[in-house]
Undergrad: 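This is the structure I have questions about; it appears just below.
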Amino acid sequence: MDFSRVELTPQQQSFAGVVRATLGQLMTPDVREHERETGDGFSEKVHLALAERGWLTPAWPVSEGGAGLDPICQRLLELELERHDVPDITAGTTLLVWTAVEKFAEPELRGKLKAGVAAGTARFCLGYTEPDGGSDIAAAKVRAVRDGDEWVLNGSKIFTTGAHNCQYTFLITRTDPDLPKHKGLTMFLVPLDTPGIEIQGIRAFSGERTNIVYYDDARISDRYRLGGVNDGWAVLHGPLDEEHSIGDGEDGLADLSIGRHFLRPLEAALDSAIGWARDSARADGSRPADDPAVLARLGRVATEIEAGMCTPGPMGRVKGSLALVEGAAELIDLTAPLGVLSPGAPGAPGDGSIDYAHRFAQGTATYGGTIEVFRTIIAQHVLGLPRPGYPGSKVFLPRSRAAAGTPQS
Amino acid sequence: MDFSRVELTPQQQSFAGVVRATLGQLMTPDVREHERETGDGFSEKVHLALAERGWLTPAWPVSEGGAGLDPICQRLLELELERHDVPDITAGTTLLVWTAVEKFAEPELRGKLKAGVAAGTARFCLGYTEPDGGSDIAAAKVRAVRDGDEWVLNGSKIFTTGAHNCQYTFLITRTDPDLPKHKGLTMFLVPLDTPGIEIQGIRAFSGERTNIVYYDDARISDRYRLGGVNDGWAVLHGPLDEEHSIGDGEDGLADLSIGRHFLRPLEAALDSAIGWARDSARADGSRPADDPAVLARLGRVATEIEAGMCTPGPMGRVKGSLALVEGAAELIDLTAPLGVLSPGAPGAPGDGSIDYAHRFAQGTATYGGTIEVFRTIIAQHVLGLPRPGYPGSKVFLPRSRAAAGTPQS
Amino acid sequence: MDRFELRRQDFSLDENQEAVREAFAEFFAKESPTSVVRAAEPLGYDEALWSKLLGMGVATMSLPASQGGDDATLVDLVLIAGEYGRSLSPVPLISHVAATRLLSRAGAPTEILDAASHDERIFTLAPQPVAAGRPQLVPDAAIAPCVIALADGRLALYAAAAPGPHVPNQGCTPLAWWQPDHRSEQYELATGSGAAELFAEAVREWKLLMAAALVEMTQSALGIAVEFAKTRETLGVPIGTLQGVAFPLTEVAIAVAGGRNLVRKAAWTAQYEPGARPELALMAFNHAVRTATYGTTTSAHMQGGLGFTVEADASLYFLRAKGWSALAGDPAADLAGIGAQLTGAVAQS
Amino acid sequence: MDRFELRRQDFSLDENQEAVREAFAEFFAKESPTSVVRAAEPLGYDEALWSKLLGMGVATMSLPASQGGDDATLVDLVLIAGEYGRSLSPVPLISHVAATRLLSRAGAPTEILDAASHDERIFTLAPQPVAAGRPQLVPDAAIAPCVIALADGRLALYAAAAPGPHVPNQGCTPLAWWQPDHRSEQYELATGSGAAELFAEAVREWKLLMAAALVEMTQSALGIAVEFAKTRETLGVPIGTLQGVAFPLTEVAIAVAGGRNLVRKAAWTAQYEPGARPELALMAFNHAVRTATYGTTTSAHMQGGLGFTVEADASLYFLRAKGWSALAGDPAADLAGIGAQLTGAVAQS
C-alpha cells in the first residue's frame, strides 16, 4: 500500500517543467475555442506538436519516434495532458487500435503505420457499433465480401468518433453470416479515403462530435485485413479488453479506476460549486458555505468522487459514470439556477462547468458499452453469477427488422 | 376529483363514535402485548368481538352475520381498525379466500363456512408459496394424488401466515406434473386439523410470525376441492388479483395505493422523529427542528409518504415499499443512535417506532410477491413492454435440484 | 393532521376537466411539435405560438369572472401546464399565468390585467426576494418586460421598456439577469406581511404549475424510451424484455403516476381548501423535479448512444428537466420549508 | 489539493499486512461463527471470546513499542476491523482500540494502558461532547466501566465500579445511557484545544475502524446473496441470471470494492501523513454506512421472504448495518464536516 507523492529525480523534475511549459503554450485560447466549437477531441496542430516530441507514443524508443520515457515520466505526461485538457480522443483510439495493428498487420503496412502513428499522421478510429446494434458488437452486420484480392464493404457504423480526422478505421465486419455469431467476423483497417465511404457528423448534447460512417460498395485491398478471415473476434479482443479493463496498472502509478477520467468534469464542477459557496452571498448576506446543509451536499459529492477513484477496474467504470451522473445533477440543484447557465453565459460558475458536467455525464454511461454491459461483466466475472441464455448470445440470428446498415436515431 | 372530508349523516357520526369506543376498549394493553410477543397478526378475543358486531364481514347483511354497512361506514370502520392497530392479518386472508370459496365450494360446505366466516370461527390462510419456489406460485410442487373420493397431499408450503390460528388453508397443489405449468394445478380448502399436517412457526425480524406447513400423506375429502381438477389457476386468480391490484376503489373512498398500509409504520416513525426534532436539545441547546438540514430530511420523508399515497394500484405497492425501506433508514440516520433503540428501551423515540419501521419495511418488499414480480406486472401491463421468454414461464419443468417439498431457509 | 381522517380519494377528472385537458393537448400537438421546439432554440420563445395560445384565453381563464376570467380552477391550470410540459412548447406559460393571477389577487387595475390577457406584454415573477444591488436570474425575463418582485417587503410590478438580454442556458429558456431599475415604471401591489404572503403564494403556484409540466414532460420522455425498448434488439431479444431495461422504466412510470396525482391533489387542495396544506405544492414540485431528473436521464440512457445525440428527441427532455426545474432556485430548499410546516403542524395539533 | 499530483496509487497489501489479515480472518472464522454471534444476543458480548482476542494483542499492538505496543499501523488495524466486521463478533473491539490509542496519545500512565491491554477492564469512548445534565448513548458502555469523554473542553477517563444497564437495540450491541458521575474515579487526559483535537482524532479513528467493519460485513452479506442467486431458480432459470437480481448485486459489489479501498487510503493517509486529509476517514465512514445499508438490505431482499426471517444469516447483517453505524450519531452530519474541510481547503490553496 502506498499513496505517497512520487519523489522525482532532477531529470524527472526538469521533464515535468518542460511538459507543463509546452502544454501551456500549445493549449492556446484558439485551440480551446476550436474544441468547444467542433467537439472533435482532436486538434491537428496540438497532435502534431505532441508527435514532434514523441509524446503520442511516449513509451516507444526515440529511434522509433517515441520519447523513451520511463514509467514515472509517462505518468507525469498523462496527468499534465489531463490537467491541460488536451483534446486527445483520437490520440487514444489510435494507440488502442495500434495494439491490434502491430500484432496482425502485414510487415510492410505495419512498418509504414508505425512511423505514421508516432508522427501523428496515421490516426485510427473505432468502427465497432452499428446504428441498430447497440453494445452488442459481435452482432455486426456490415458485410465484407471477397472479390479476388479485394473486399467489398457495405453497411454502416455509428459512433465512429474522430473518423473525419483519421486516416483509418478499425472495422469489424461480417464475412460469413451462416457461422455462429462470434465466428463469422473479420477485422479490417480500412483507409477512410476509399471511394464509397461517406462520413456524416452527429453531435452529442455534451457538444462532442461523433460520426456515422456509410460503406457503399467500398473496395479495399486484402492487405488491410487484420488476422484471419472469420477470425475477427480474436483480433478485436486485445483493444476491446484494454478498453474494458484496467490495462496494466501494476506499477502502482496508474489510476485504479478505468472510470477515473469520468470524474474529472465532476471535480471541475465541484470546485466551481465550492467557489460559489465561498464567494457568493445570499439575500441575508450569509454565504452558502455558512450553511451546513450546503456543506453536506458538497461533502457528499466529494465523497462520491473519492469513492470513484478507489473503485477498481470495470467496477470503477460504472461507479465513475454514476458518480458523475448523480453528482452533476446534485450540483445543478445546489447552485440553481446558476448551475444551468451555459459556458460563456455571464455569471456561470466555473464558466459553465456544472452545466457541462451534467451534459457530459450521460455519455459516460454508454462509452465503450453501456454500463449495463459492464454490470453484466461484473456479475459474471467478479460475482460468478450464471450467464443468462439469450437467443442471440450463442448464435448469429439475422434480424427481423431494419435492413443492415440503415441508420436509426 | 375530490379530496374533501366526507360529510357524515347523524347515523354515520354515531356509528363512528361506536367504532372508536369499541376498538378503544378492545385494544387493551394485554392485546397489544400479546401481539408484540407473538407477531400473530391475530387476537382471537378481538376477532370474535368484531364478529359479534358483524365487523369481520361489514358489507354482508345483518341476516347473514354481517353489519350491513354502507360504503362510508365500511370505510370508517377500515380507517379506525388501522388507527387502533387492530391485528387483522387473519381477518384479511380469510376474506380474500372467501371470494374463491363462495364461488367454487359445494353449497353445503359454502353455507357452513359462510356462517363461520362471519362468526369468526372459520378462518382461512394462504397456502401459496413453497420453500424453494419463491414468488413463482404457478411452479407449485405440493402433490395432490387422487385416491377414490379422497386426495393425498404431500409437500410443504412456506409463509402460510396465520396457519396456527386458522381452520383452513387455501392450498395450491400440483395434480398433473405432465401438463404445462399453469394447467396441472388444483385448489383445495384444506382443514388444518387433518392428520399428517404439521405447522411450524418462523419468525421474521420484524417480529411477525409466519409458518411452514408440512403435508405428509395428509388425506382430505374431495368435497374440499375448489373448482375443477387441473383448473386451479383460474380458481386462484380471483383472490390473487385482489391481492395484486386495487380491488374496486371506484367509489373514491378507498385508498388509491395498494401499498398505502405499508406507509403507516413510516408515518408513525416520521411522527416520532418530528417529536424528537421539536422536543429534544443538542449539546449547544438548540433543537434539531431549528436546523434546516434536519427539517429538509423530515420534509423529504413526508414528501415520499405523500407520493406513496398518490401512486395507484400495483405501482403504489412498489412505491409504498420503497418509500418505507428508504424512509425508515433515513430516519434511523437522522435520529441516530436513538433510532435503533428497540420498543421498550428507555429513551426510544415513539417507543421504538423508528427501529420497528426499519425492520418491518423489508417484509413489504416481498409480501404477496416480491417487488420484482410487481415490476414485471407493471412493465408488461402498464408499459406494454414485451414478455421475456423464460424456460419456465410457459411449461412446467421438473426442477433439477431439491426434491419437491424439502424446506430450505 | 389526522392521518386516519375520512376523506374522499378521487383523483379522476370530470368531463369538464377532461375537455380542458384534451383541448390543450390537441393545441400543443398541432401547434408545437418538436420541430417548433427546436426552431425556437436557444431563446426558447415562439411569438406566433404564444399569440395563438393567448387566444385560447390561457392567461386569464382562471381569474374571477368579475376580472374578465372564466373561474377556471387551479386543477384546470395544472392540466394545461401538464400538456404544455408534454410538448416542451417555447412559450412563457407558467410565469405569465402565475404573475397574472398574482396581479389579480393583489387587485391590480384593469388596464394591467388587460395587458396580461392579450398579446401585449409578457409578465413574469422574480422568484427570490430582491437583495439590494444584486441582480437575480428571472425566468422568461429575456422576453418579459414586466417583472413582479418583492423588494424590502414591498411587492411591485416593474415594467421596463424592453426585456433584458438572454442568458444562454441548458434548458433553452428565456432566462435573464434582472434587478429593479429605478427608471422602470412601477406599480405597487402590496406592502407588509400581505406582500410577503402574496409573493409566497405566487411562487408556490409557479412551482405547482411547473411540477405539472415536469411530470408530463417525463411521461413524454418515458413514452419514447418504451417505444425504443419494444423494438430495439440486443442478443436476439427486444431490450425491453431485459429487467435491466424494464425495471428502470417501471421506476419512471411509478414516479410519473404518483407525481401526477400529487400535483392534482395539491392543486385541488389549494383551490378548495386554500391555506390548509401549503406544503403540498412544494412536495409536488420537489417530487416532480426528482421524477424529471431521473426519468429523462433514464429515457435517454435506455436509448444508448443514440439517446445522447442532439437529434434524438430524448435530448430535448433531458436538457429541460434541469433547465426548467432549476429556474426557481435550489429545489431541495423547499424540503426544509416542508419540514418546518410539519414540525409546526404537529405543535398545533 | 492538486487533483493532478503524481502520487502512487498502490492499494495492495504487502506480505505482513496480508499475514495480519489472514491471522485475524482465521481467528474469527474459528472462534466466532454465526452461532456464537446468535448466542451472545441481545447484549452482544462474549467474554471468553474477548479474552481470546485480547490474547492476540489486539488492544495495544498499534501502540509504540515504548508503550508496550508493536508499532502496528492504522492500516493493520483496519484490516483487523474488517475481519471483525465480516464475522459480526460480539466483542467491543473498535471502542476499546480507539480508546486505548487515545489513552496512549494523551500520555496516560502505564497502569491504565496495562489495564487496557489485558483482560481487566474494557474502555470506550463517548462519541459526543458531554452536555451537562444530559446522558448520552455510549457504544459498549453496557460492558465497559471505563469511558473517555470530553466535558467542558476537558478530556478525562471516567472509571465506574460497574458498567451501565444495557439498552436493547437493533444491532444487539452493548449500548448504554451514560453521563459523567462525580462518584466515578477520574483521570484527566488533556485540557484546552489539545483536548478537543485528541477527542476529534479518536472519534475519527473509531469511524475509520467502523467503516472497515461495515464494508466487510457487507461483503459477507453479499456472499450469501450471491450463493443464493446462483442456486435458487424461478421460471426455470437461476435467479442470478435475471438482471433484476444480478444488477443490484453488482451495485453492492461496486460499493464494497470502492469502500474497502477508500478505507485503506484513509488509514494509510492518517498513518503516514497525519493531518493531511482528515476528511478521508469521514468519507470512508459515510460511504461505508451507505454501502452497508444498501448492501445488507439488498442481500436480504434477494433472498425473498427467506431473507426476512430471523433464522437466515442475512438478518444478522441487516440488523447490524444500522445497529452499528448509528452508534456514533447521525452519519450524515459528517458530510457537513467534509464540506467545511473542502471549502476551507480551497481557501488555502
Side-chain angles (χ1 to χ4, degrees), chain B residues 1-6 8 16 72 75-76 79-80 82-83 249 252-257 264 267 270-271 274-275 277-278 289 292-300 302-304 306-312 315-316 318-319 322 372 374-376 378-380 382-389, chain C residues 2-14 17 75 222 226 229-230 237-238 240-243 245-247 249-251 253-255 257-265 267-269 272-273 279-280 282-284 286-287 332-343 345-347:
Chain B
M1 202 170 304
D2 188 357
F3 302 97
S4 59
R5 253 183 226 101
V6 175
L8 300 183
I72 287 181
R75 178 67 181 148
L76 260 174
L79 286 166
E80 293 303 326
E82 288 186 38
R83 183 200 299 273
L253 284 170
D255 290 322
L256 183 74
S257 163
R264 292 284 181 203
E267 291 175 288
L270 176 62
D271 287 344
I274 288 172
R278 282 195 301 119
V294 169
L295 293 178
R297 289 160 75 189
L298 294 171
R300 168 76 176 248
T303 300
E304 290 300 285
E306 198 64 56
M309 292 194 285
C310 290
T311 308
M315 296 195 280
V318 175
K319 179 69 188 176
L322 292 184
E372 285 74 18
F374 288 97
R375 283 202 190 284
T376 302
I378 296 163
Q380 290 167 18
V382 178
L383 296 180
L385 288 172
R387 189 183 289 266
Chain C
D2 177 1
R3 299 192 186 279
F4 301 91
E5 191 175 48
L6 176 56
R7 279 183 173 267
R8 301 212 178 264
Q9 301 288 338
D10 178 2
F11 292 83
S12 65
L13 302 186
D14 65 26
Q17 290 160 340
V75 173
L222 173 62
V226 166
K230 282 181 186 171
V237 297
T241 62
L242 303 175
Q243 294 182 342
V245 171
F247 284 11
L249 293 177
T250 65
E251 189 68 22
I254 291 167
R260 176 181 296 145
N261 281 333
L262 181 48
V263 165
R264 290 182 181 182
K265 184 171 173 178
W268 186 95
T269 305
Y272 296 105
E273 298 186 11
E279 78 278 14
L280 275 179
L282 303 183
M283 286 176 164
N286 184 272
H287 186 268
D334 289 328
L335 292 176
I338 296 165
Q341 190 72 30
L342 290 174
T343 48
V346 169

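Bear in mind that the values here come from a model prediction, so they are computed numbers and not experimental data. Lettering of chains follows the sequences in order, A, B, ..., and the numbering in each one begins at 1.
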Undergrad: So what's closer than 4.5 Å to chain B heavy atoms on C:Y272: side chain, backbone, both or neither?
TA: neither
Undergrad: Heavy-atom distances under 4.5 Å only: say whether B:E372 touches chain C with side chain, backbone, both or neither.
TA: both
Undergrad: At a 4.5 Å cut-off on heavy atoms, which part of C:D2 comes close to chain B: side chain, backbone, both, or neither?
TA: side chain
Undergrad: Which bit of C:E279 comes within less than 4.5 Å of chain B, counting heavy atoms only: side chain, backbone, both or neither?
TA: neither
Undergrad: Side chain, backbone, both or neither: which part of B:L8 has an atom under 4.5 Å from a heavy atom of chain C?
TA: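 Just its side chain gets close to chain C.
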Undergrad: Judged by atom type as modelled, is there a donor-acceptor pair below 3.5 Å linking the side chain of C:R8 to the main-chain atoms of B:S4?
TA: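 No; judged by distance alone, with no hydrogens or angles, the pair does not exist.
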Undergrad: Name the region of C:L222, side chain, backbone, both or neither, that has any atom closer than 4.5 Å to a heavy atom of chain B.
TA: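 The side chain, not the backbone.
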Undergrad: Kindly indicate whether the side chain of B:L256, heavy atoms from C-beta on, has any atom under 4.5 Å from the side chain of C:K265.
TA: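 The answer is no; the side chains never approach within 4.5 Å.
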Undergrad: Please state whether the side chain, the backbone, both or neither of C:L242 comes within less than 4.5 Å of a heavy atom of chain B.
TA: neither
Undergrad: Between C:L6 and B:R5, is there a side-chain heavy-atom distance shorter than 4.5 Å?
TA: no
Undergrad: Quick check: do B:V318 and C:T250 have side-chain heavy atoms less than 4.5 Å from each other?
TA: no
Undergrad: Where on B:R264 is there a heavy atom nearer than 4.5 Å to chain C: the side chain, the backbone, both, or neither?
TA: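 When you check distances to chain C, only side chain atoms of B:R264 fall under 4.5 Å.
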Undergrad: Based on non-hydrogen pairs under 4.5 Å, which of C:E273, C:R260, C:H287 is most in contact with chain B?
TA: C:H287
Undergrad: For B:R300, is it the side chain, the backbone, both or neither that has a heavy atom under 4.5 Å from a heavy atom of chain C?
TA: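 Contact with chain C: backbone and side chain both.
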Undergrad: Using a cut-off of under 4.5 Å on heavy-atom pairs, state which of B:L298, B:L270, B:I378, B:L79 scores highest against chain C.
TA: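 Looking at each option in turn, the highest pair count goes to B:L79.
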Undergrad: Below 4.5 Å from any heavy atom of chain B, which atoms of C:V226 appear? Answer side chain, backbone, both or neither.
TA: both
Undergrad: Using modelled atom types and a 3.5 Å cut-off, is there a donor and acceptor pairing between side-chain atoms of C:N261 and backbone atoms of B:C310?
TA: yes
